[in-house]
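Read the structure below first, then the notes.
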Amino acid sequence: MDDHAAIDEVLSALNPPQREAVQHGEGPLLIVAGAGTGKTATLVHRVAWLIAQGVGPGRILLLTFTRRAAAEMLRRVDGVLRKLHAAQAGHGGFRSTGTRVWGGTFHAIATRLLRRYGKAIGLAPGFTIHDRTDSEDFLNVIRTELGLAKTDRRFPKKGTCLDIYSRCVNARQQLAEVLALHFPWCKEWEDELKQLFDAYVDRKEAASVLDYDDLLLYWHALLSDPQAGSAMRKQFERVLVDEYQDTNILQAEILYQLSPDGKGLTVVGDDAQSIYSFRAATVRNIFDFPKHYPETTIVTLEQNYRSTQPILKATNEVIGLAAERFTKNLWSERAEGDRPLLVTCEAEDDQAEFVIRRILEHREAGIDLRRQAVLFRASHHSMLLEAELVRRNIPFHKYGGLKFVETAHVKDLMAFLRLAENPRDLVAGTRILGLLPGVGAQKARQMMDLLTGSGGDFAAWKQAKPPKAAAEIWPKFVALVAGLAQAEGDLPAQVHRVRKFYDPLLAELYDNPHPRSRDLEQLEQIASRYRDRATMLAEITLDPPSSTQDLAGPPILDEDYLVLSTIHSAKGLEWDSVYVIHASDGNIPSDMSTGSPEGTEEERRLFYVALTRAKRWLYVLWPMRYYQSWGSFSDRYGFAQLTRFLPEPAAKCFHRVTSTALDEDADRDEPEGLRAQCTSRSIRKRTKRYWS
DNA sequence: CTGTTGAAATTTTTT
DNA sequence: ATTTCAACAG
């Protein structure tokens with residue numbers, strides 16, 4: 001078999017448009033891929049095909065939305081290459097490829113490149129990276145220093161300040177414009193914000209730290225540097241971008257700089273699935289791609305391989321109601337299946353109960369827990385369900401929401417390492433100094449000034465006078481950080497030393513020290529997986545493991561667990577059975593985003609993304625009553641409405657049931673009496689909680 | 001200045 | 001429920 005035939009064989013599983021995309025030449029390529037149309041397979045085959053064509057793997061840059069996605073794709077590329085290799089066996093055609101494909105998120109790749117080329121634009125090689133909380137903390141410090149906190153009218157919260165700043169950078173827009181368009185209630189603070197952002201930028205520079213936005217900004221700047229820029233352009237012969245609909249202007253410009261004429265550029269996306277405009281992503285990137293690169297070839301993938309016909313019918317109906325017209329018409333050859341279920345629940349506990357019962361039924365029928373997922377709009381929507389799963393010993397894994405690395409104790413430990421890595425990192429330093437008794441904001445600030453003044457030499461702290469309360473612990477503290485700064489011992493040993501110092505403090509500072517302490521033991525375990533401290537710090541802030549379980553390593557294969565995920569984190573994934581919960585107005589769409597038509601439209605696409613994750617069974621649930629937990633006089637029920645994204649024509653694609661109807665045959669018009677009975681049942685159940 | 005206490009305000013999505 | 005802010009005691 002010759003090379004050509006071998007490639008044909010490997011590509012034989014693809015449909016004609018997919019093949020066209022895979023074998024497309026050097027010109028700019030836009031792949032518009034509807035949900036479940038084999039987008040990943042196409043991208044994977046294209047990478048493999050390029051390598052088979054002789055493009056060095058090290059010359060291929062694959063930009064994905066998460067690192068998990070990158071890892072998964074590269075794994076599959078290897079698989080395709082192996083198949084190709086097997087098909088060519090005996091003809092000696094295939095050369096083993098030494099270097100690896102560059103794969104990762106924009107942020108992760110930026111970090112790697114900045115470590116390598118950063119000097120060219122005056123970036124200190126030992127820079128550390130601030131995650132969102134760190135950046136907020138930093139802004140907070142500066143806000144206080146500037147006296148912006150004590151004004152008569154309330155200044156925007158630090159999180160809002162960061163959002164505003166971030167949008168300016170990512171959308172490449174003037175502050176005034178951003179305020180007018182997205183934060184009209186903060187308009188009056190324009191001057192103060194200018195002041196704040198000015199100082200923020202300077203202080204980041206002084207501290208040698210980069211925030212998320214800086215990673216993109218600096219990469220962008222680096223590309224304008226004659227030497228580093230052309231080195232990168234030369235290196236990345238081919239650039240492939242996944243989820244292009246969720247990139248922002250800055251990212252699009254980075255791509256433009258990497259390949260001004262679009263040569264070697266491939267982007268894949270679906271305008272109907274753009275859900276990250278809050279991060280300044282704009283669907284214009286995908287629409288305007290052919291305008292920016294006039295030579296663009298567009299390939300549209302419309303054949304859906306994921307979902308059964310009834311599910312597809314429902315999802316097409318939902319997206320068909322969008323204000324903007326989307327050009328694709330997804331179709332499928334897949335067999336008929338069950339009509340998706342629209343489940344009206346009495347209250348939240350009925351919803352949880354229904355979901356769990358169905359999950360277990362499916363598992364009985366041979367669908368493992370890991371092939372099922374519960375999706376929701378906001379992280380806290382799953383709380384009651386989680387409690388119930390724990391109670392029933394059903395293992396689950398939650399994606400999205402508060403991350404393991406965002407917990408205070410993990411942040412504390414990481415801050416030790418970060419200060420050792422970069423003694424100028426003011427946020428890290430302030431954080432760990434504040435852990436010591438008697439040390440507050442002022443003293444910490446003073447100590448950090450001292451440290452920076454001495455060029456980052458921790459010897460300066462040896463002579464410094466600690467407050468009385470910290471007198472005893474101070475020498476130990478200084479010895480620890482000084483030792484870390486010298487990088488004494490391997491990484492796990494370093495973490496171990498921090499733990500020994502930090503453990504006693506943990507008990508003082510936080511409520512439940514034991515599980516926290518165990519988390520840190522875990523962290524010590526996995527420290528050995530990283531090449532060095534800087535890599536560990538960067539990777540953990542850029543790709544936070546979503547739970548301790550995640551940190552512990554790849555899950556054991558025969559371990560089965562249910563997936564709970566925010567809809568955002570479910571992007572790109574699929575399951576046999578999908579349960580979308582809290583599908584009521586106010587949740588989907590979220591009350592926060594119904595202020596503008598664009599916001600509402602994005603929520604519609606979000607709902608669409610959730611529904612299109614399902615392969616065989618789809619459940620949409622909504623509780624009619626919900627419990628209002630924050631009117632202090634408690635015990636108030638509110639009444640919900642079904643999400644506005646399922647008006648009558650769309651709802652017809654669903655089989656409607658109520659959660660209390662034990663089997664589906666008893667659906668449709670519920671007798672009024674039964675409904676009342678169920679209501680009182682759930683009220684009684686709730687009442688009992690007062691004494692049980 | 002630090003650490004604590006009480007009152008008030010605020011609840012999305014994430015690299 | 002949690003976070004943030006102001007006021008006060010040590």
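Just so we're clear, the structure is a prediction, and the values are computed from it rather than from any experiment. Every chain is numbered from 1, with letters handed out A, B, ... down the list of sequences.
- Phosphate contact (OP1/OP2 of B:dT15, side-chain N/O of A:T66, threshold under 4.0 Å): absent.
- Within the 4.0 angstrom heavy-atom criterion, no nucleotide atom of any strand lies near A:F106.
- Side-chain atoms of A:S565 and A:K398 form no donor-acceptor pair, as typed in the model, at a separation below 3.5 Å.
- A search for salt bridge (Lys or Arg N to Asp or Glu O under 4.0 Å) contacts involving A:R644 returns A:D585, not counting sequence neighbours.
- When the C1' atom of B:dT13 is taken as reference, atom CD of A:E603 falls 8 Å away, rounded to whole Å.
- Computed from coordinates, the A:L217 CG to B:dT15 C1' distance equals 15 Å when rounded to whole Å.
- To the nearest angstrom, C1' of B:dT13 lies 15 Å from OH of A:Y212.
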Open item on the list: Would A:I567 and A:I588 count as a side chain to side chain contact (heavy atoms under 4.5 Å, CB included) here? Give the steps.
Closed with: CA-CA 11 Å; A:I567 301 174; A:I588 307 176; 4.2 Å; yes
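- Straight-line distance from the CG atom of A:L162 to the P atom of B:dT14: 15 Å, rounded to whole Å.
- When the P atom of B:dT15 is taken as reference, atom CG of A:L114 falls 19 Å away, rounded to whole Å.
- Using a cutoff of 4.0 Å between basic side-chain nitrogens and carboxylate oxygens, A:R279 and A:D246 are not scored as salt-bridged.
- Few gaps surround CZ on A:F278; more than 12 heavy atoms of other groups in view lie less than 6.0 Å from it.
- Here A:K158 lies in heavy-atom contact (under 4.0 Å) with sugar-phosphate atoms only.
- Of the charged side-chain nitrogens involved, none lies within less than 4.0 Å of a carboxylate oxygen, so that A:D134 and A:R431 do not count as a salt-bridged pair.
- Rounded to whole angstrom, the span from the CG atom of A:D134 across to the C1' atom of B:dT14 amounts to 15 Å.
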Listing time: all N or O pairs from protein to nucleotides 1-4 of chain B that are below 3.5 Å?
from  : atom 1 : to     : atom 2 : distance (Å)
B:dT2 : OP1    : A:G440 : N      : 3.0
B:dT2 : OP1    : A:K443 : N      : 2.9
B:dT2 : OP2    : A:Q442 : N      : 3.3
B:dG3 : OP1    : A:G438 : N      : 2.5
B:dG3 : OP2    : A:V439 : O      : 3.4

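- Within the structure, salt bridge (charged side-chain N to carboxylate O under 4.0 Å, His left out) pairs that include any residue of residues 159-171 of chain A comprise A:R132-A:D163 (at least two apart or interchain).
- Both A:L542 and A:S593 lie near DNA chain B, and the one whose nearest nucleotide falls closer to the 5' end is A:S593.
- When distances are taken from the side chain of A:T566 to each of B:dT15, B:dT13, B:dT10, the shortest belongs to B:dT13.
- Rounding to whole angstrom units, NE2 of residue A:H568 and C1' of B:dT13 are separated by 4 Å.
- Stacking of A:F65 onto the six-membered ring of B:dT15 is not present when judged by under 5.5 angstrom between centres and under 30° between planes.
- Atom NZ in A:K157 sits roughly 4 Å away from atom P in B:dT11 (whole-Å rounding).
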